Amino acid sequence: MKLTEYFLPTLISDPKEADTISHKLMQRAGLIDKTSSGIYSFLPIGLSVLRNVESIVKEEMNRIGAMELLMPTLTPSSLWKETGRWTEYGDDMFRVKDRKGSEFGLSPTHEEIICDIVRGRVRSYKKLPLAFYQIQTKFRDEPRPRAGIIRGREFLMKDAYSFHATEEDAERAYKRFFDAYCRIFDRCGFSYIIVEAETGLIGGSFSHEFIALSDSGEDTVFVCPKCGYSASLDRAEIGIRDLEPASDGEPKEVYTPGLTSVQDVAKFLKADPVQLIKTLIYKADSEFVAAVILGTDELAEKKLKKVLGCKELKLAKKEAIVEATGTPVGFSGPIGLKLKMIADNSIKGRKNLVVGGNKMDTHITGVSSGRDFEPDLFADIKIAKNNDPCKKCEGRLEEKRGIELGHTFKLGTKYSQAMNLVFLDEEGKEHFIIMGCYGIGVSRIVATIIEQNCDERGIIWPKALAPFDAILININPEDFGLTNLSDEIYSVLEKEGIKVLYDDRIESPGKKFADADLIGIPWQIIVGKKATKENIELCERKTKNKEFVKLDELIGRISRE
RNA sequence: CGGGGUGUAGCGCAGUCUGGUUUAGCGCGCAGCGUUCGGGACGCUGAGGUCGGAGGUUCGAAUCCUCUCACCCCGACCA
C-alpha cells in the first residue's frame, strides 16, 4: 500500500478528550475516530489490527471445535422476558420499537438467542455436546463509557456458548475454552492474570476473568509475587495479619457526641484507627446480621454473602438499623447486640478496642474480643489491601490494575431452565441441558495491546498483530535514484506477500520517521542517500536496532515467524 | 445518578472575569509556488468560523442572564 493512496490521519498532539495512553495513541495514529461517547469507527489501519485479532480468536475457537455462527443484534423483548432479563438489564440495554410498536433490544449478550436456536432442535443426548461462537457487535448503554474503546457502548465481542448432557462434559468444555483463551492471550503477547470472579448478570456457578495488567485498567486485582496467587479485589483471600498487639483494658463508656465516623472517633479519643471497630448492619435476605471489621478496613460484601450463604445482601437502611438494634446509625457495637454476628478474623483476640456503645452518642473503650463479646463466626470478610499477607504462602499481596479481556462462565442450567432446553438421556429421561458461556472483548484487545506495547514515540505492534509487516520509507521521493530503489524493494516485498506500507509522500524525513514510530509497524526499511540493493537499512521499531541487509535477504529477515 | 470540568477553523489553544479598538485571533495542519531533504524544515501567497444550540438583556454579545445539548474526568454501577 502506498501511503499517498492510503487514509492515515495522524495527529501531532494528543486529542484533548483522551487521557489514557491507548486512547491517545489510537486517535493520534489514525486507528479510530469517535462518533459519539463510547461509540467509535475503526479506520483502515485500526481495522487491520482488529481483523488480525479476530483471526487469532477464530483459529483458536475453531481448533477446539466451536462452530461460528452469526446471531442478530436486534432481538425481540419476548426472548428476554423468558429469563427475566428484559427487566433485570434495566437501562443498560438499548431498546427500540418497530413500526407496530413491538419492543426490541439491541443485544448486550446472546444467551437467550442461542437458547432459542438450540431448543426444540436438540432433544437427544446424541446431539450433545455443541459449541458455537460468533464475533459480533454488542450494545450496552454503559453509565459511563471511558478510555476510548476500553469501555464503549458499542463494541466487538467474541461470545461462545456450549451445551452439554453432563456436568463432567460441561467442565471438560470449560477447560478447553479456558486453555484456548490462554493460547489467544499468549499469541497476542499479553501479560495477564486469571482470577476467579463473580458471575454478575450472566449468572451461573463459577467463572474466571482474564485480566491484562495495565495502569489504565478499571479492575483492581491482587497478585502474590511469591506463589502466583491472584484474585479480584473483593475475592482476594488474605492470611492473618500481624497486627501490633495491645494489652487488656477496662471497658469504659465514653461520650462521643455526634461522632459516627471512624476518623472522627479516633481523632476525638486520640486512638489509632486500627483499634476501632466498625459494626455494619446488613439485611441478608429477610434476616438482619452484624458484620464486624477493623476501623481501617472495608467490608467485602461478596465475601460476606458467601459466608452467610444468602441470596441478597444489602446494607440496612437507617430506619431498619434503629428497628433491629435500637441504636441510631454510627453507634452500633458488638457488645450485647442480639443479632447474628460475623467478625473479620483479624479481630480475633484483639484487645483494647473501641466499639460502638449501642447507645446514642456513646462508644466503649478498652474492649477485648472474646472477653467482652463473642461473634457467631470469624471469617475473612474484608477487602484486601496492598501488602496484605497472602493466604497461600508467606508472600505479600500486591495491588494491581487490569483490563478484563475475557470471561468464562460455567452457567449450569440457569438458562436452560428458564427457556426450557431439555434433552432425553439414554434411558429416555428428561434433563435440562447444561451450559457454559465464554466472552472476549475483541475491540478491547486492540486498545490493551497498545497499553502494554508502546513508548514515548508511539505504538509498538507485536509482529503477530501489526497492520503491516514493514514500512518502507523513501527519504526523498523526488530523488530518482532513491525512488527507483524504493519502488523495486516495494515490488519485491509485495510479490513475496509481505504487507508493506510504502511511505512515498513528499515530506521531510523527520515527519516520516515520527509517523513511522507513531503507527508502530514492526520493521522500518529506510531508503536514504547511501542505500543500494546490497545495503538496505532495516530498523526494528521496538528496539530501534539498525542493521544493513541485501535486498534478497530482506524477505527472510522480516517474514513472519 | 452525585461531584468536577470543557465546548471558539481539521487538531491544540488565546480572547469571556471587566460587552465596543477583532473585519474573531494564534500555533500546527491544509492548498499553490519556490528553496530544502537522515528525526515533526524554511519563505511568500491563500482557503477555512453562523464562537455547541435556543431564548433574553443591550444602541451593541464569543463575552452578561435563563434554559438546553454534547463531550471529558472522579465516584456509584457494570464485561
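Protein chains get the first letters and strands the later ones, always in sequence-line order, with residue 1 at the start of each. If you're wondering where the values come from, they're calculated on a predicted model, not measured in any experiment.
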Whole-Å distance, A:Asp159 CG to B:A79 P, equals 15 Å
A:Arg444 and A:Glu404 ion-paired at < 4.0 Å
no
Given B:C78, B:G12, B:C74, identify the nucleotide with an atom nearest to the side chain of A:Arg146.
B:C74
Identify which nucleotide among B:C13, B:A79, B:C77 has an atom closest to any side-chain atom of A:Lys16, counting heavy atoms from C-beta outward.
B:C13
B:A41 versus B:G52 - spacing of their P atoms, nearest Å
33 Å
So is A:Arg95 actually on top of A:Trp80's ring, under 6.0 Å and inside 45° of the axis?
no
Write down the distance separating the C1' atoms in B:U68 and B:G49, rounded off to the nearest Å.
22 Å
For B:C71, which nucleotide is its Watson-Crick or G-U wobble mate, given both distances must be under 3.5 Å?
B:G5
Between A:Glu17 and A:Lys34, is there a side-chain N and carboxylate O pair less than 4.0 Å apart?
yes
Taking atom C1' in both B:C64 and B:G15, compute the distance separating them and give it to the nearest angstrom.
16 Å
By nearest nucleotide on RNA chain B, pick out whichever of A:Gly148 and A:Glu142 is the more 5' one.
A:Gly148
Look at all strands and tell whether A:Ala516 reaches a base, only sugar-phosphate, or nothing, counting heavy atoms closer than 4.0 Å.
nothing
Euclidean distance for P, B:G60 against B:C30 (whole angstrom)
43 Å
Side chains of A:Ile149 and A:Phe155 in contact at under 4.5 Å (non-hydrogen atoms):
no
Starting at the 5' end of RNA chain B, which residue's closest nucleotide do you reach first, A:Tyr40 or A:Ile150?
A:Tyr40
Can you tell me, in whole Å, how much space there is between the P of B:G55 and that of B:C72?
28 Å
Both distances below 3.5 Å, Watson-Crick or wobble geometry, any strand: find the nucleotide opposite B:C13.
B:G25
Ranking B:A79, B:C71, B:C74 by distance to the side chain of A:Arg144, first place goes to B:C74
C1' atoms of B:A76 and B:G2, separation to the nearest Å
8 Å
Counting only heavy atoms from other residues, nucleotides and ligands, does the tally under 6.0 Å from CG of A:Asn545 exceed 12?
yes
Where along nucleotides 31-44 of chain B does protein come under 4.0 Å, by heavy atom, of base (B) or sugar-phosphate alone (S), with - for untouched nucleotides?
-----BBBBBS---
Hey, does the side chain of A:Tyr181 reach the backbone of A:Glu209 with a donor-acceptor pair shorter than 3.5 angstrom?
no
Which base, if any, makes a Watson-Crick or G-U wobble pair with B:A79, both distances under 3.5 Å?
none
So, A:Arg153 versus A:Ser37: side-chain donor-acceptor pair below 3.5 Å or not?
no
Heavy atoms under 4.0 Å, any strand shown: does A:Gly152 hit a base, just sugar-phosphate, or nothing?
base
With the threshold set at 4.0 Å, does a side-chain nitrogen-carboxylate oxygen contact exist between A:Arg151 and A:Glu218?
yes
Can you find a side chain N or O atom of A:Ser36 that sits less than 4.0 Å from OP1 or OP2 on B:C71?
yes
If I pick the P atom on B:U22 and the same atom on B:U16, what distance separates them, to the nearest angstrom?
14 Å
Sort out the partner of B:U35 for me: Watson-Crick or G-U wobble, both distances under 3.5 Å, none otherwise.
B:A41
Using both distances under 3.5 Å as the test, list the Watson-Crick or G-U wobble partner of B:G46, or none.
B:C30
Going by the side-chain contact (heavy atoms from CB on, under 4.5 Å) test, name the single residue among A:Ile558, A:Ile521, A:Leu493 that passes it with A:Val500.
A:Leu493
Grab the CD1-C1' distance between A:Ile39 and B:C71 for me, whole Å please.
12 Å
Provide the distance between the two P atoms, one in B:G7 and one in B:U45, to the nearest whole Å.
32 Å
Partner nucleotide of B:G55 by Watson-Crick or wobble geometry (both distances under 3.5 Å)
B:C65
